[in-house]
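Structure incoming, see below.
Remember, it's 1-based here, ligands and their atoms both numbered in the order they're listed.
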Amino acid sequence: MLKPMLACALILATLLALPLPAARGRAGATSPAPVPAPEDVLGFRPGDDRKLASWAELVEYFRRLDAASDRVMFEELGRTTLGAPFVLATISAPENLARLDEFKEIQRRLADPRALGPHAEREAARLIGRGRTVVLITCGIHSTEVGSTLSSALIAHRLASSDEPEVRRILRETIVLLVPSLNPDGVDIVKRWYDRTLGTPYEGTSPPELYHKYVGHDNNRDWYAFTQAETQLTVDKVHNAWRPQIVHDIHQQGTHGSRLFLPPYMPPVEPNVPRQLVEGYTELGLAVARSMLAQGFKGITWDSTYDAWTPARAYSHYHGGVRILSETASARLATPVNLKFEELRSREGYDPQKPSANFPVPWRGGDWRLRDITSYMTTAAFELLKHAADNRERWLRRFYEVGREAVRPRRRGELWGYELRPSSKNYLFLLQALHRGGVEVEWCRTGRRRAGASEVAQYVSLAQPYGGFAKALLERQRYPDLRDAAGHPVPPYDVTAHSLSLMTGVEARPVPAPFRCREAEWCDDNSLPAYAVGGRVGLYKSHVPSMDEGWTRWVFEQQGVRYESLGDRDVRAGNLRAKYDAIVIPDQSPRAILEGHRKDTMPEEFTGGIGAEGVEALREFVERGGTLVALNEASNFAIEQLKLPVRDVTEGLKRTEFYVPGSILRTVLDTSHPLAKGMPRESFAWFEDSPVFEAKGDAPARVKVVARYPPAGSPLLSGWLLGEERLRGRAALVEVGLGAGRVYLFGFRPQYRAQTLATYPLLFNALTQ
Ligand SMILES: [Zn+2]
């Protein structure tokens with residue numbers, strides 16, 4: 001039965017022979033425009049040597065595709081950090097596109113079986129029978145990995161234009177959500193640089209700036225704190241709107257390893273990733289790999305290099321969907337390379353020069369060009385889509401089973417949930433992250449009394465669809481002590497800790513028993529604590545892009561800290577005290593700070609670092625009463641170059657002796673020091689490639705310890721730590737006097753990825769001294 005409005009539209013459309021809005025093209029009286037090929041709009045075939053498209057050209061291609069094809073629906077979801085359109089193409093059979101709301105509703109109901117009613121299994125079977133496999137394909141989060149955004153146009157074109165039976169089946173059985181770039185700003189940053197250096201000795205180099213305004217490559221570490229505009233748009237408007245069963249995240253890796261990585265991931269798997277998803281990504285990754293090997297593609301590996309440890313890269317693993325990461329070998333942006341077999345180098349878990357169970361057919365070397373990259377990428381994407389179509393019911397059933405297991409009532413002896421104690425103002429940040437990740441938070445009376453009234457606290461039950469996401473953020477990580485055959489620690493792919501509760505300083509107490517509460521009313525007050533920073537602040541910015549520099553800018557701007565960026569030339573020019581009260585050097589290797597890009601590796605204006613001149617300028621700045629703040633690795637730059645009476649006790653230690661690859665460690669603050677003013681005595685350090693300080697024997701009076709690792713017990717709060725005895729009683733943050741000024745050496749990242757809110761005050765206090 002038609003609703004009156006729709007009936008009206010139908011009559012009108014029949015009279016005027018207009019296409020109906022929900023079925024564009026199908027009922028069209030005029031013959032539709034032919035489906036344009038990418039080269040018709042871009043002027044070249046994606047994958048051609050030395051050709052990149054601008055973001056505006058790519059958006060135009062998708063607009064034209066949308067206009068010409070009844071299989072493509074293209075929309076702008078919002079704006080990027082720099083104001084570009086952030087877009088999504090939804091591709092499916094026209095009859096599916098006319099029923100998108102219905103399919104979204106099926107996804108929503110399967111994801112949360114609590115509301116399926118008394119005959120849940122029967123209802124689930126009915127929904128599974130009616131649903132489609134929802135596949136999200138995300139491209140271009142890392143903008144120097146240029147192949148995937150170009151491939152998105154090729155994938156969309158084939159889906160929009162082909163009459164091959166396998167493409168028709170894909171369109172019928174799946175809904176493809178295609179994000180041509182998760183970082184559109186970077187598409188243009190990289191293209192501008194590539195075009196500028198094309199035909200010069202610097203063709204194919206990476207730009208001397210971050211390819212995302214604030215966070216560069218770390219944009220793919222933001223999938224649980226959700227700080228950046230692009231992450232928020234993708235989560236709110238794609239993931240949470242659709243809850244895809246499969247997410248295909250297309251990346252590129254280095255030039256010298258395998259030609260293609262596919263899941264399964266190497267161990268460890270983060271314990272909150274449901275076993276059904278581990279089975280799912282194993283099955284799908286291997287199916288794609290086998291079918292590509294059968295087609296003659298070489299150099300494919302799995303179960304190597306990339307782990308599944310963190311929600312930072314894998315939102316879907318905590319939201320009912322598998323993440324199929326693919327990593328194709330890179331050329332030099334769009335410029336071909338030639339590789340000899342002997343030049344191929346081992347990475348974690350395989351040797352590209354030797355066949356093995358997870359690397360059966362080596363690639364023999366030779367030319368490697370953008371066309372190879374787009375060919376591996378588009379083939380993998382279509383093999384994945386075929387599996388999604390051929391196994392539609394299986395994917396939907398798996399999705400439902402993940403949801404059913406997530407919401408099952410907890411048994412006695414199991415963990416029921418967490419009680420959150422609003423022990424700091426950063427509480428709201430954590431609540432927002434949970435809320436955005438689909439976690440329900442409840443208000444409960446605790447039974448305790450405070451100020452005459454019964455106390456109310458907030459609880460997170462684990463028996464809810466995204467309880468596993470909450471647990472991953474609220475518990476402490478215990479990273480397994482993985483060793484290779486020689487007994488050396490196996491490095492994680494990224495870091496080992498993601499306890500957002502610890503990083504925000506919010507107490508999350510495990511609740512071992514049932515509780516009954518009412519659902520929270522979501523409060524949109526997201527005001528975070530503001531810090532008064534009065535002085536004139538300079539922030540060092542190298543031409544060797546530092547993500548920590550970008551995060552620092554982001555944190556400063558969010559917190560209202562006024563600053564100016566200082567380049568190498570500005571530092572070398574000296575007279576810094578006249579302009580600044582405090583200068584911050586973000587986390588960066590001492591060599592990059594001192595030397596920058598080496599001569600002849602980049603156009604000259606981007607070469608050279610601070611140099612000896614800059615070091616003298618910084619010394620003069622401090623001696624005249626300035627404050628120099630060095631973060632993490634930059635502390636070693638300050639120690640070496642300013643000859644500070646401090647040493648890094650971890651220098652020269654082997655990994656078997658001391659290893660902390662991204663962990664949260666306990667520290668004790670001297671709260672009488674102005675840096676730790678108003679902070680709790682117990683704090684923490686985000687430790688990753690970090691120095692550990694000790695005053696040199698002859699000058700301890702010049703060195704004041706602000707934070708140190710506890711003298712007894714393990715300092716490990718979350719993650720992985722080998723060699724804890726090296727840390728005991730040692731300093732994590734020191735003040736060193738120099739002339740009329742001071743240097744603050746942070747042996748950690750107090751503003752790590754805009755997540756360690758609880759240690760922000762140490763940094764901000766340092767700027768006001
Ligand atoms: Zn990447």
Side-chain angles (χ1 to χ4, degrees), residues 52 55 80 136-152 155 178-191 193-194 204-207 209-224 228 230-231 234 247-263 265-266 281 285 299-302 304-317 322-334 337 347-349 368 370 372-374 376-378 380-381 384 491-495 545-547 550-551 662 753:
L52 295 178
W55 184 240
T80 65
L136 166 61
I137 302 181
T138 51
C139 306
I141 193 164
H142 295 146
S143 314
T144 47
E145 303 165 13
V146 295
S148 62
T149 292
L150 291 165
S151 293
S152 75
I155 294 167
L178 179 60
V179 178
S181 174
L182 287 169
N183 179 22
D185 296 340
V187 172
D188 286 338
I189 291 171
V190 170
K191 178 178 163 57
W193 177 252
Y194 187 70
T205 56
S206 289
E209 62 180 305
L210 294 170
Y211 52 61
H212 175 281
K213 183 182 176 189
Y214 294 108
V215 303
H217 191 274
D218 269 357
N219 57 0
N220 200 32
R221 304 290 182 270
D222 197 34
W223 298 104
Y224 65 85
Q228 300 300 303
E230 295 79 8
T231 321
T234 311
V247 177
H248 182 29
D249 193 22
I250 311 184
H251 286 249
Q252 282 172 230
Q253 55 184 351
T255 308
H256 291 88
S258 69
R259 297 303 91 192
L260 176 65
F261 164 87
L262 287 166
Y265 300 94
M266 71 173 194
Y281 68 60
I300 302 176
T301 180
W302 53 85
S304 56
T305 314
Y306 305 93
D307 62 41
W309 180 250
T310 173
R313 305 186 297 273
Y315 186 79
S316 59
H317 280 175
V322 297
R323 175 183 187 234
I324 301 294
L325 168 72
S326 73
E327 294 269 2
T328 304
S330 294
R332 283 169 60 80
L333 300 179
V337 292
R347 294 195 67 189
E348 218 51 66
W368 185 254
L370 192 49
D372 297 306
I373 296 171
T374 57
Y376 272 71
M377 284 178 175
T378 51
L384 176 139
Y493 177 66
D494 187 47
V495 299
S546 153
M547 288 179 274
W551 281 116
R753 290 178 179 165

For the pair Gln252 (side chain) and Gly147 (backbone), establish whether a donor and an acceptor sit closer than 3.5 Å, ignoring hydrogens and angles.
yes
Between Tyr281 and Trp302, does the ring centre distance come in under 6.0 Å?
no
Does His217 put an N, O or S atom under 2.8 Å from the Zn ion (ligand 1)?
no
The residue among Thr378, Leu178, Val179 that forms side-chain contact (heavy atoms from CB on, under 4.5 Å) with Ser152 is Leu178
Any donor-acceptor N/O pair, Asn219 side chain to Ile141 backbone, under 3.5 Å:
yes
Considering only N, O or S atoms of His251, the one closest to the Zn ion (ligand 1):
ND1
At less than 2.8 Å, would any N/O/S atom of Glu145, backbone or side chain, sit next to the Zn ion (ligand 1)?
yes
Restricting to N, O or S, what is the name of the atom of His142 that lies nearest the Zn ion (ligand 1)?
ND1
